[in-house]
Amino acid sequence: MENKQHHPVVRKLLVGLLLTGWLAGLAWAFWWFEGQYVKAFERPAFFSAENVAPPFAPGQVQVLHVWQAGCPCNGGHETYLQEMTERFAARGVAFARAGVVSEAGLPPALQKMPYWPIPEQWDNWPGAPAVAIWDATGNLAYVGPYSDGAHCSRDSSFIEPVIETLLAGRPVSIVTQDTVACLCDIN
């Protein structure tokens, strides 16, 4: 009889230990995932860039896409990147890319763009995906993220109004800013 009374206690103890181990494993997995990916979605960044010569000779508005392969932040920008690039290229804007040297893993819009290495003066570039924009005279007009979140569209874009303003012939100077955006470190 004593054996039957201890059997349910042992079973409850084993189930409790298994449940505790399972919960500890879930907590560790969440902690690891957050450390690898989720932190990028709420990352504060300081963008500051000195004026350097643009990728192409002055004469048109120029946009440099700074991209990091494998960044979870890229996914929310790829569709917008394709649409925005096509729309503004038709209006005379020149595009280049930086960050990723290889075309492997790049969205089609970026694969077609010439590679331009990030200048030495910008060695503290805070992350990607981000952009630098020059006006038609070759002056740096904007450095920073596409938007403040993990997704970018025509409505949430920081860069859309900058490009429109520059195409209208008005000056823009946003080359130093504190922001919170979805960014990954550039390898």
Side-chain angles (χ1 to χ4, degrees), residues 40-41 43 45-136 138-167 172-177 179-187:
F41 292 99
R43 179 176 165 195
F46 178 69
F47 281 90
S48 179
E50 60 182 270
N51 196 14
V52 297
F56 311 105
Q60 74 274 357
V61 173
Q62 300 179 43
V63 177
L64 174 70
H65 296 282
V66 182
W67 205 257
Q68 176 57 48
C71 177
C73 302
N74 295 346
H77 295 75
E78 289 180 15
T79 301
Y80 173 70
L81 176 75
Q82 181 73 35
E83 183 274 327
M84 183 268 302
T85 300
E86 290 173 1
R87 187 165 31 93
F88 284 117
R91 294 176 61 191
V93 175
F95 292 91
R97 65 180 170 87
V100 178
V101 177
S102 167
E103 291 182 5
L106 287 177
L110 287 176
Q111 289 177 5
K112 298 173 189 173
M113 294 177 196
Y115 175 76
W116 190 72
I118 294 176
E120 215 175 272
Q121 298 92 321
W122 294 357
D123 63 353
N124 62 344
W125 191 270
V131 295
I133 304 171
W134 288 264
D135 65 18
N139 289 314
L140 189 62
Y142 175 86
V143 292
Y146 289 87
S147 69
D148 64 353
H151 179 74
C152 190
S153 69
R154 204 170 182 174
D155 296 329
S156 66
S157 172
F158 290 163
I159 64 172
E160 188 103 7
V162 171
I163 296 171
E164 289 289 353
T165 301
L166 293 173
L167 288 173
V172 174
S173 182
I174 308 170
V175 295
T176 302
Q177 62 173 312
T179 187
V180 175
C182 186
L183 300 168
C184 293
D185 293 330
I186 299 173
N187 294 337

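None of the values given here were measured: they were computed from a predicted structure.
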Could you walk me through whether His65 and Trp116 satisfy the side-chain contact (heavy atoms from CB on, under 4.5 Å) test, starting with their C-alpha distance in whole Å, then the side-chain angles of each, then the deciding distance to 0.1 Å, before giving a yes or no? CA-CA 9 Å; His65 296 282; Trp116 190 72; over 6 Å; no
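Minimum interatomic distance between Ile118 and Ala98 (heavy atoms only, all atoms of both residues): CG1-CB, 3.7 Å. The shortest non-hydrogen separation linking Met113 to Arg97 is O-NE, 3.3 Å. Nearest heavy-atom pair across Pro58 and Gly138 is CB-N, 4.0 Å. Closest approach of Cys182 and Pro129 over heavy atoms only: O-CD, 3.8 Å. Shown here for Gln111 and Leu106, the closest heavy-atom pair between the two residues is NE2-O, 2.8 Å.
Qualifying side-chain hydrogen bond (donor to acceptor under 3.5 Å, both in side chains) partners for Glu86, counting only residues two or more places apart in sequence or in other chains: Gln82. Under the side-chain contact (heavy atoms from CB on, under 4.5 Å) criterion, Ala141 pairs with Leu166, Val172, not counting sequence neighbours. Considering only residues two or more places apart in sequence or on other chains, Trp122 meets the ring-ring contact (aromatic ring centres under 6.0 Å, His included) condition with Trp125, Trp134. Not counting sequence neighbours, the partners of Asn51 by the side-chain hydrogen bond (donor to acceptor under 3.5 Å, both in side chains) test are Asn139. Partners of Tyr142 under the ring-ring contact (aromatic ring centres under 6.0 Å, His included) rule, at least two apart in sequence or in another chain, do not exist in this structure. Remark: Trp67 pairs with no residue by the ring-ring contact (aromatic ring centres under 6.0 Å, His included) rule, at least two apart or across chains. For Val175, the side-chain contact (heavy atoms from CB on, under 4.5 Å) partners at least two apart in sequence or on another chain are Leu140, Val143, Ser173. With sequence neighbours excluded, the residues that form a side-chain contact (heavy atoms from CB on, under 4.5 Å) with Phe46 are Ser48, Thr176, Asp178.
Two residues are said to be in side-chain contact when any heavy atoms from C-beta on lie closer than 4.5 Å; Lys112 and Thr85 fail this criterion. Between Val131 and Phe158 the shortest side-chain heavy-atom distance does not fall below 4.5 Å. The closest side-chain heavy-atom distance from Ile159 to Met84 is below 4.5 Å. For the pair Pro72/Cys184, a side-chain contact is recorded, criterion being any heavy-atom separation below 4.5 Å from C-beta on.
Side-chain atoms of Gln177 never come within 3.5 Å of backbone atoms of Phe47 as a donor-acceptor pair (strictly under, hydrogens ignored). With hydrogens and angles ignored, the 3.5 Å screen pairs a side-chain donor or acceptor of Gln62 with a backbone N or O of Phe56.
Looking at Val61, Val63, Leu110, Leu64 one by one, the single match for side chain to side chain contact (heavy atoms under 4.5 Å, CB included) with Phe95 turns out to be Val63.
To the nearest 0.5 Å, the span separating CG on Leu167 from CG on Asp135 amounts to 10.5 Å.
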